Amino acid sequence: MPTRVLLADDHVIVRQGLAAILKDDDRFEVVAEADDGEQAVRLAKQLHPDVVVMDIRMPNKNGLEATKEIHEALPDCHVVILSMYDDQEYVRAALAAGASGYLVKNTAASHLLAAIEEVQNGLSYLDPMAAKRVIESYTHPSVGGTRSREVDLLTSREREILVLIAQGLTNAEIADRLTISIKTVQTHITNIMTKLNLHNRVDLTRYALQNGIAE
Amino acid sequence: MSQRSGERMRTTRGNSKEERLPRLPVSIFEKVLIGNVAVVLFGAVVGTLVTREFFRIQEAALAFGFSFGGVLLSAAVNYTLLRIAFRPLYQLRDTISKITQGDRQARAIESSDDPLIHDLSASFNQMVDALETSRREASRMIIETQEQERKRVARELHDETTQDLASLAIRTELLRSKLHDPLLVQAVAELQEEIERTLTEMRRITYDLRPSMLDDLGLAAAIHWYVQHRVDSEQVQVDLQVDELPRYDSSLETAVFRIIQEAVSNAVKYAQMHHLEIHVHEQPSGKQLQVLISDDGVGFDPSSVRTEASGRGLGLYGMRERAETIGAHLEIQSSPGNGTKILLVVPIPQEQWEERSDADARLVSG
Ligand SMILES: Nc1ncnc2c1ncn2[C@@H]1O[C@H](COP(=O)(O)OP(=O)(O)OP(=O)(O)O)[C@@H](O)[C@H]1O
Ligand SMILES: [Mg+2]
């Protein structure tokens, strides 16, 4: 029995090209073609294909969202993503959405059959160029992880003013202490409030105490 | 007259100082008139006295001397009075020259005693405010139109031209697999190479216009992609930390991406740095996005950067404008020799962090 394939791409000529490749080989059968993401999900649920070959950029629902839905609804149906780009960001997003294969469109013709066979057997298949990019991202020493820490929002002057506010000084007293104008003090305080998303002096004082800026 | 100008005072904006001082509304015209009348009166009285005293002795030289002194004195008094009377005009002139030199915040003082000058300053300020508003509006529109146009062209290139080329590549591959003549196989292979080169070029152009990742995968992926492509990690140690971010409004994602893009590109172009830090952090509450781009390079004096007619210096300006359109706080901290730190604090609109719970159902984030 041939492998049943669903093709989803909004570009008719690309779809026809891929269909032509599959038709030449009797190990494969194209059961349906979809123009957009929604249709792809609907047809997949209806026809239960073995493999879905899916473009990323499509109207109505993009290929990544469609992949996620198909992956959740039909765990036995494998998705091969078809993309214009070999960047690792796309490959990662495709894999995260549940795809088992990733092909770059212009070289898809030479890899399509192999990719469909591999994923149908429960394995993965990445376009060699895309695979290289993903591997590079792991060996790339200089680019850090994905969890960032709180950004240090305040300048040293603003920190200084925050300490004085927490000590209960008025704007005039702060201006006097730092020998700057009251207007400048007000500007600083407005900036501190904007940056910390706080709205009054009580909040500022609490923030300073909680964050060990003042005691 | 004083009644009327007093009323006008209240309707135009004034500062608190002028409300405290009791004002004596005298126009320049009246000041000059009073001054001149006083001088003439003084001259006439003193002249008459002098003439009566000295004319009898017929000391013409002395009389002449007194007249001359009188004229000098009246000129001096006139000069001083006019100086005082025209002071608000000099101040107005200074304000205008400040604005001409690019200080867009400068405004005329509206607290003159003179109703005429006061009105002049007030309408001058109104005019400058109106110009400033329409300038902002215009530049906002330019930025928006440019972005829309870039998006449109990039989309068209991607959805039409690039796809056509890709299908061409697919079909030539199909053709090649059916050929047996080695010469033909060779010819088609060359054709394929050419298609491949064109495609690569098209992708580059499309990404330059607007990285499709920003639309397909969101802010985090687009930032990762941009930094990795723009910064040479052999030369510069990059510390890139980007939280996993939800999808925001397209206008917010675009503005934040463009600001980071300009900041990173400036650092690469000018800073001669060793380290570059890029942090994009979402507050746990989801109400605020904090962005820091910091280099340890040569630094510069931000207050000395002015947009030139040549279009240089548009980068920092555009950053400020974009920050303003999304209500974000932008800080450019730099001085020669001390590196550059760019801080962006973006408030996330309430409806976006409130609907966060069903955002999971939306898109896989990069
Ligand atoms: N990170 C930085 N380190 C050192 N100098 C900088 C940095 N960023 C900006 N500058 C200086 O500020 C000037 C203005 O930058 P801006 O981005 O506004 O204009 P530009 O880069 O010269 O031109 P454009 O961005 O319009 O192509 C630059 O010419 C450069 O001298
Ligand atoms: Mg620039």
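Keep in mind it's a predicted model, so treat the numbers as computed, not measured. Per chain, numbering begins at 1; letters A, B, ... match sequence-line order.
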Interface residue of largest heavy-atom contact number with chain B, from A:Ser110, A:Gly63, A:Ala108, A:Gly17, under 4.5 Å: A:Ser110
Tightest non-hydrogen contact, residues A:Ile13 and B:Ser167, listed as CG2-OG, 3.4 Å
Can you tell me if B:Arg171 uses its side chain to pair, donor with acceptor, with the backbone of A:Gln16 under 3.5 Å? no
Compare every heavy atom of B:Ile170 with every heavy atom of A:Leu18, then report the nearest pair and how far apart it is. CD2-CD1, 3.9 Å
Under 4.5 Å to a heavy atom of chain A? For B:Leu199 that would be side chain
State, without any angle test, whether A:His11 and B:Asp164 hold a side-chain donor-acceptor pair at a distance under 3.5 Å. yes
Let me know if A:Leu82 has heavy atoms under 4.5 Å from chain B in its side chain, its backbone, both or neither. neither
Atom NE2 in B:His329, atom CE in A:Met193: separation rounded to 0.5 Å? 13.5 Å
Ignoring hydrogens and geometry, is there a side-chain-to-backbone donor-acceptor pair from A:Glu89 to B:Trp225 under 3.5 Å? yes
B:Leu174 side chain near A:Asp24 side chain, heavy-atom distance below 4.5 Å: yes
Side-chain contact, heavy-atom cut-off 4.5 Å: B:Ile195 with A:Asn106? no
Which atom names give the shortest non-hydrogen contact between B:Val345 and A:Thr194, and what distance separates them? CG1-O, 4.4 Å
With a 3.5 Å distance limit and no angle check, can you tell me whether B:Gln288 reaches the backbone of A:Lys195 through a side-chain donor-acceptor pair? yes
Tell me, side chain or backbone of B:Ser212 under 4.5 Å from chain A's heavy atoms, or both, or neither? both
Just give me the residue among A:Lys61, A:Met84, A:Gln88 that pairs up with chain B most often, heavy atom to heavy atom, under 4.5 Å. A:Met84
Any non-hydrogen side-chain atom of B:Tyr207 less than 4.5 Å from a side-chain atom of A:Asp87? yes
Are any of the side-chain heavy atoms of B:Leu292 and A:Asp152 separated by less than 4.5 Å? no
Non-hydrogen atoms of chain A under 4.5 Å away: do they reach the side chain of B:Gln333, the backbone, both or neither? side chain
